[in-house]
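Computed from a prediction, not measured in an experiment: that's the story for all the values here.
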Amino acid sequence: MATPDFIRTIRASAGHQLLWLPGVSAVVFDDEGRVLLGQRADNGKWTVINGIPEPGEQPAVCAVREVYEETGVRCVAERVVLVRSGNEVTYPNGDTCQFMDITFRCRAVGGEARVNDDESLQVGWYDVDALPAMDERQLFRIKQALSDEPTWFEPMTSD
């Protein structure tokens, strides 16, 4: 994932310390019910399309922008399906961060799926019953996007 300029500016003074960052994920379906996936260039894993909003950018606008920038597919965000804090991530350069992810269900409205930047090795449409190997967090995003349930969030515990 390319590091946005505003994060590079923060890193110049914050160093490698943990940054709490917003993130968005887009579970994009086409008219045939297939889901759009990308194989990340940084770790080789298959994921739904995701990214970091620019300061002041609305989350749904970011999701639509990231899908187009990474895959060449035009889409519209339909609804929020999941809000979840991710695990702490340490990158090879020592930077650490943790994301608050907002996952959107999106509908493709145009374009052709292709590798459209340097963040992906491959992109493509997949039948939901024939997905490439993916981690459980990605599969859960797709499951929630397929359901008509309310937005999912981690239930509060009574302490």
Side-chain angles (χ1 to χ4, degrees), residues 1-7 19-92 95 97-154:
M1 172 185 292
T3 303
D5 290 338
F6 80 93
I7 293 176
L19 295 182
W20 178 246
L21 298 170
V24 299
S25 297
V27 182
V28 184
F29 294 104
D30 67 5
D31 290 338
E32 298 172 36
R34 299 176 302 172
V35 64
L36 180 64
L37 301 175
Q39 184 182 30
R40 294 175 58 105
D42 61 352
N43 61 19
K45 293 181 179 181
W46 285 94
T47 68
V48 298
I49 309 307
N50 55 63
I52 301 171
E54 293 291 328
E57 184 178 33
Q58 294 297 322
V61 172
C62 175
V64 169
R65 175 182 57 77
E66 288 287 347
V67 169
Y68 181 72
E69 286 178 359
E70 295 182 22
T71 71
V73 171
R74 299 266 182 209
C75 70
V76 295
E78 296 182 321
R79 66 185 181 93
V80 174
V81 297
L82 181 140
V83 178
R84 180 185 230 176
S85 173
N87 296 321
E88 188 174 313
V89 177
T90 301
Y91 291 95
D95 288 351
C97 65
Q98 192 168 10
F99 293 95
M100 173 58 72
D101 178 70
I102 301 171
T103 300
F104 292 89
R105 177 188 169 109
C106 300
R107 180 175 37 87
V109 294
E112 294 292 324
R114 65 181 183 275
V115 174
N116 208 35
D117 64 14
D118 60 357
E119 295 184 35
S120 301
L121 299 173
Q122 301 178 68
V123 299
W125 294 103
Y126 290 85
D127 290 322
V128 294
D129 59 355
L131 299 172
M134 299 171 68
D135 71 35
E136 188 56 41
R137 281 181 153 322
Q138 300 300 320
L139 294 171
F140 188 69
R141 286 179 174 116
I142 295 167
K143 175 186 169 212
Q144 288 305 116
L146 286 167
S147 79
D148 287 327
E149 296 178 20
T151 301
W152 185 93
F153 55 90
E154 189 74 35

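Residues Phe99 and Asn87 are not in side-chain contact: their nearest non-hydrogen atoms beyond the backbone lie 4.5 Å or more apart. Side-chain atoms of Leu36 and Val73, non-hydrogen and from C-beta on, do get closer than 4.5 Å to each other. Looking only at side-chain heavy atoms (C-beta outward), Glu69 and Val67 stay at 4.5 Å or farther from each other. Contact of the Phe29 side chain with the Arg105 side chain is registered, since non-hydrogen atoms from C-beta on lie closer than 4.5 Å. Leu131 is listed as a side-chain neighbour of Leu37, based on a closest heavy-atom distance under 4.5 Å.
Within the 3.5 Å criterion, the main-chain N or O of Ala41 finds no donor-acceptor partner in the side chain of Asn43. Proximity of a side-chain donor or acceptor of Gln144 to a complementary backbone N or O of Trp152 within less than 3.5 Å is not detected. Between the side chain of Thr151 and the backbone N or O of Val80, at least one donor-acceptor pair lies under 3.5 Å. The main-chain N or O of Gln122 is never found under 3.5 Å from a side-chain atom of Ser120 such that the two would form a donor-acceptor pair. Between the Asp30 side chain and the Gly33 main chain, a donor and an acceptor come within less than 3.5 Å of each other. Proximity of a side-chain donor or acceptor of Arg34 to a complementary backbone N or O of Tyr126 within less than 3.5 Å is not detected.
One finds the CD atom of Glu70 at 5.5 Å from the CG atom of Asp117 (value rounded to the nearest 0.5 Å). Between the CZ atom of Phe6 and the CD atom of Glu54 there is a distance of 6.0 Å, given to the nearest 0.5 Å. Separating the OG1 atom in Thr103 from the CZ atom in Arg79 is a distance of 11.5 Å, to the nearest 0.5 Å. Residue Glu88 holds its CD atom at 10.5 Å from CG of Leu19, rounded to the nearest 0.5 Å. Taking OH of Tyr91 as the reference point, atom SG of Cys97 lies at 4.0 Å (rounded to 0.5 Å). Distance check, rounded to the nearest 0.5 Å: CG of Leu21 to CD1 of Ile52 gives 5.5 Å.
For Asp135 and Arg137, the salt-bridge test fails: no basic side-chain N is under 4.0 Å from an acidic carboxylate O. Electrostatic pairing of Asp101 and Arg141 counts as a salt bridge here, judged by a charged N lying under 4.0 Å from a carboxylate O. Using a 4.0 Å cut-off between charged side-chain N and carboxylate O, Arg114 and Glu112 make no salt bridge.
For the residue pair Val28 and Ala108, the shortest heavy atom distance occurs at CG1-N, 3.9 Å. Heavy-atom minimum distance, Ser25 versus Asn50: OG-CB, 3.6 Å. Minimum interatomic distance between Cys106 and Ala26 (heavy atoms only, all atoms of both residues): SG-CB, 3.9 Å. For the residue pair Val24 and Pro59, the shortest heavy atom distance occurs at CG1-O, 3.7 Å.
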- Would you sort out whether Trp20 and Met100 count as a side-chain contact (heavy atoms from CB on, under 4.5 Å), showing the intermediate values? CA-CA 8 Å; Trp20 178 246; Met100 173 58 72; 3.5 Å; yes

- Message: Could you walk me through whether Val48 and Ile142 satisfy the side-chain contact (heavy atoms from CB on, under 4.5 Å) test, starting with their C-alpha distance in whole Å, then the side-chain angles of each, then the deciding distance to 0.1 Å, before giving a yes or no?
- Response: CA-CA 8 Å; Val48 298; Ile142 295 167; 3.9 Å; yes

- Query: Under the side-chain contact (heavy atoms from CB on, under 4.5 Å) criterion, do Phe104 and Glu78 qualify, and how do the steps go?
  - Reply: CA-CA 7 Å; Phe104 292 89; Glu78 296 182 321; over 6 Å; no

- Item | Candidate pair Trp125 and Glu32, rule side-chain contact (heavy atoms from CB on, under 4.5 Å), full reasoning | CA-CA 10 Å; Trp125 294 103; Glu32 298 172 36; over 6 Å; no

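The cationic atom of Arg74 (NZ for Lys, CZ for Arg) lies less than 6.0 Å from the six-membered ring centre of Tyr68 and within 45° of the ring axis.
Counted within 6.0 Å of CD on Gln98, heavy atoms from surrounding residues, nucleotides or ligands total more than 12; the atom is thus considered enclosed.
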